[in-house]
2 protein chains.
Amino acid sequence: MEKDPDQCKFVVVLDMIVGKWKPTILSHLMIGGTKRFNELKKLMPDITQRMLTMHLRELEEQDIILRVVYPQIPPKVEYSITEYGRSLEPILDSMHQWGYAHLERMKKKEEQLAADNK
Amino acid sequence: MEKDPDQCKFVVVLDMIVGKWKPTILSHLMIGGTKRFNELKKLMPDITQRMLTMHLRELEEQDIILRVVYPQIPPKVEYSITEYGRSLEPILDSMHQWGYAHLERMKKKEEQLAADNK
DNA sequence: CGGGATCCACCATGATACTG
DNA sequence: CAGTATCATGGTGGATCCCG
């Protein structure tokens, strides 16, 4: 850990992956590979087109995902994780593992509570 | 990475450390050790008491920090990182390193841009 | 000293309609 | 198909005052 709290830069990563749908988008692209706009939309039925577009643009600006437009009719746009974006995977992976373990821990706590109350 | 995007749990970690002042609070407690309420307040001049209280309570609920009340007048309350909270440190640390490198990368990009424009 | 209670502003997100 | 434009809403955070 950094010695100076003011110099702690883990917020930088947060800024890039925080957003209501960004984690889901990243998961789908990182795991499922390249996807078209409507493919992503179908994978996330509850997201609005507006939010999908906005989040994709932000991730593209940060060089995390690549946007490729095929100039044809009907239009075709593909999104994929950049090589730079891949460098985030180990971090997201360890976060996933911690998160998974945390959920297990919570479950055990609840079971304990239920056992105490009977 | 998890095979199923719907099973990706790195959001769990996000939920715990996201919030306008949570990263700062965590940094101060993780790096500086146990702190009293007003010490934290002084370290973060711009935070309101309300937000400091709210974030501390949330972190306490998640077992990330410990709140110890000394029953005396005037009151004294100390906050510290729990052992469980410490298990988050490696993740935050790697996030910090990535974030730091990212800032360096951005700086180089800007320098490049400036060089191209002259 | 370490809060709680109340009221308020803004920004992220949602809903809906339209388009090249 | 892959968006854009416009308007509505709700939750996070801010300001202020009060309390044991």
Side-chain angles (χ1 to χ4, degrees), chain A residues 10-29 32-62 64-82, chain B residues 10-29 32-62 64-82:
Chain A
F10 73 82
V11 191
V12 176
V13 176
L14 288 184
D15 286 341
M16 311 187 70
I17 64 180
V18 165
K20 181 154 181 187
W21 303 96
K22 274 188 197 172
T24 319
I25 294 173
L26 287 174
S27 301
H28 281 296
L29 290 181
T34 304
K35 293 258 177 292
R36 296 182 58 169
F37 185 87
N38 261 10
E39 287 186 276
L40 285 171
K41 179 77 186 67
K42 276 169 200 161
L43 289 169
M44 296 176 280
D46 290 346
I47 197 176
T48 58
Q49 289 193 333
R50 167 188 156 83
M51 286 314 294
L52 182 52
T53 305
M54 288 185 64
H55 279 157
L56 286 171
R57 290 296 143 83
E58 283 178 42
L59 290 168
E60 184 196 2
E61 237 171 82
Q62 328 220 32
I64 300 300
I65 67 176
L66 181 68
R67 177 173 183 260
V68 179
V69 184
Y70 296 86
Q72 62 187 43
I73 294 177
K76 172 179 173 183
V77 181
E78 281 185 347
Y79 294 93
S80 56
I81 302 288
T82 62
Chain B
F10 73 81
V11 190
V12 176
V13 177
L14 289 183
D15 286 342
M16 312 186 70
I17 63 180
V18 166
K20 181 153 183 189
W21 303 95
K22 273 189 198 172
T24 319
I25 294 174
L26 287 174
S27 301
H28 281 296
L29 291 181
T34 303
K35 294 257 176 294
R36 296 182 58 170
F37 185 87
N38 262 8
E39 286 186 275
L40 286 171
K41 179 79 185 67
K42 277 170 198 161
L43 289 169
M44 297 175 281
D46 290 347
I47 197 177
T48 59
Q49 289 194 334
R50 167 189 155 83
M51 286 313 296
L52 183 52
T53 304
M54 289 184 65
H55 280 156
L56 286 170
R57 290 296 142 83
E58 283 178 43
L59 290 168
E60 184 196 3
E61 235 171 84
Q62 323 207 359
I64 300 302
I65 67 175
L66 182 67
R67 178 172 183 262
V68 179
V69 184
Y70 296 87
Q72 60 187 44
I73 294 179
K76 172 180 174 183
V77 181
E78 282 186 346
Y79 294 93
S80 56
I81 302 289
T82 62

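Values reported hereafter were calculated over all heavy atoms of this structure, with side chains retained and with hydrogens, waters and symmetry mates removed. Order of the sequence lines sets the chain letters (A, B, ...), proteins ahead of strands, with each chain counted from 1. Predicted model, so just to flag it, every value in this text is computed and none were measured.
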Quick check on C:dT13: is either OP1 or OP2 less than 4.0 Å from any side-chain nitrogen or oxygen of A:H55? yes
Main chain of B:I64, side chain of B:T82: is a donor-acceptor contact present, judged purely on distance under 3.5 Å? yes
So, for B:S80 and B:T34, which heavy atoms are closest and what is the spacing to 0.1 Å? CB-OG1, 3.4 Å
Nearest-0.5 Å distance, NZ of residue A:K20 to CE of residue A:M44: 13.0 Å
Tell me the interatomic distance from B:E39, atom CD, to C:dC1, atom C1', rounded to whole angstroms. 12 Å
State, yes or no, whether a side-chain contact exists between B:L29 and B:L40 at a heavy-atom distance under 4.5 Å. yes
Show each protein N/O and nucleotides 3-6 of chain C N/O combination with a separation under 3.5 Å, one pair to a line.
unit_1, atom_1, unit_2, atom_2, d
C:dG3, OP1, B:R57, NH2, 2.5
C:dG3, OP1, B:R67, NH2, 2.4
C:dG3, OP2, B:Y79, OH, 2.5
C:dG3, N7, B:Q49, OE1, 2.6
C:dG3, O6, B:Q49, OE1, 3.4
C:dG4, OP1, B:R57, NH1, 2.8
C:dT6, O4, B:R50, NH1, 3.2

First-last contacting nucleotides on DNA chain D - partner chain B, under 4.0 angstrom, heavy atom: D:dG13 to D:dG20
Kindly compute the distance separating OG1 (A:T24) from CG (A:L43), expressed to the nearest 0.5 Å. 10.5 Å
Please report, to 0.1 Å, the donor-acceptor pairs under 3.5 Å made by any side chain of residues 52-61 of chain B, with sequence neighbours excluded.
unit_1, atom_1, unit_2, atom_2, d
B:T53, OG1, B:Q49, O, 2.8
B:E58, OE1, B:K22, NZ, 2.8

Is any side-chain heavy atom of B:I81 closer than 4.5 Å to a side-chain heavy atom of B:L66? no
For a side-chain contact (heavy atoms from CB on, under 4.5 Å) check, start with the C-alpha distance between A:V13 and A:M16, then their side-chain angles and the critical distance, and finish with the verdict. CA-CA 5 Å; A:V13 176; A:M16 311 187 70; 5.7 Å; no
As an exercise, state the distance from NZ of B:K41 to NZ of B:K35, rounded to the nearest 0.5 Å. 16.0 Å
Strand contacts (DNA chain D) in residues 13-22 of chain A, 4.0 angstrom heavy-atom criterion: none
Distance from B:Y79 atom OH to B:I25 atom CD1, nearest 0.5 Å? 9.5 Å
Any non-hydrogen side-chain atom of B:F37 less than 4.5 Å from a side-chain atom of B:P75? no
Taking five pairs at each end, how big is the angle between the two axes of the helix from C:dC1-D:dG20 to C:dG20-D:dC1, to 10°? 50°
Starting at atom CG of A:L52, determine the distance to atom P of C:dA12, rounded to an integer number of angstrom. 18 Å
Report which part of the nucleic acid B:K76 touches: base, sugar-phosphate, or nothing (heavy-atom distance under 4.0 Å, all strands). sugar-phosphate
Can you list everything that forms a side-chain hydrogen bond (donor to acceptor under 3.5 Å, both in side chains) with A:E78? Sequence neighbours excluded, please. A:Y70
Once you round it to whole Å, what is the distance between C1' of C:dG2 and CG of B:L43? 16 Å
Residue mapping more 5' on DNA chain C - nearest nucleotide basis, A:M51 or A:P75: A:M51
Closest-nucleotide mapping onto DNA chain D: is A:R36 or B:I47 further toward the 5' terminus? I mean the 5' end. A:R36
To the nearest 0.5 Å, how far apart are CH2 in B:W21 and NE2 in B:H28? 9.5 Å
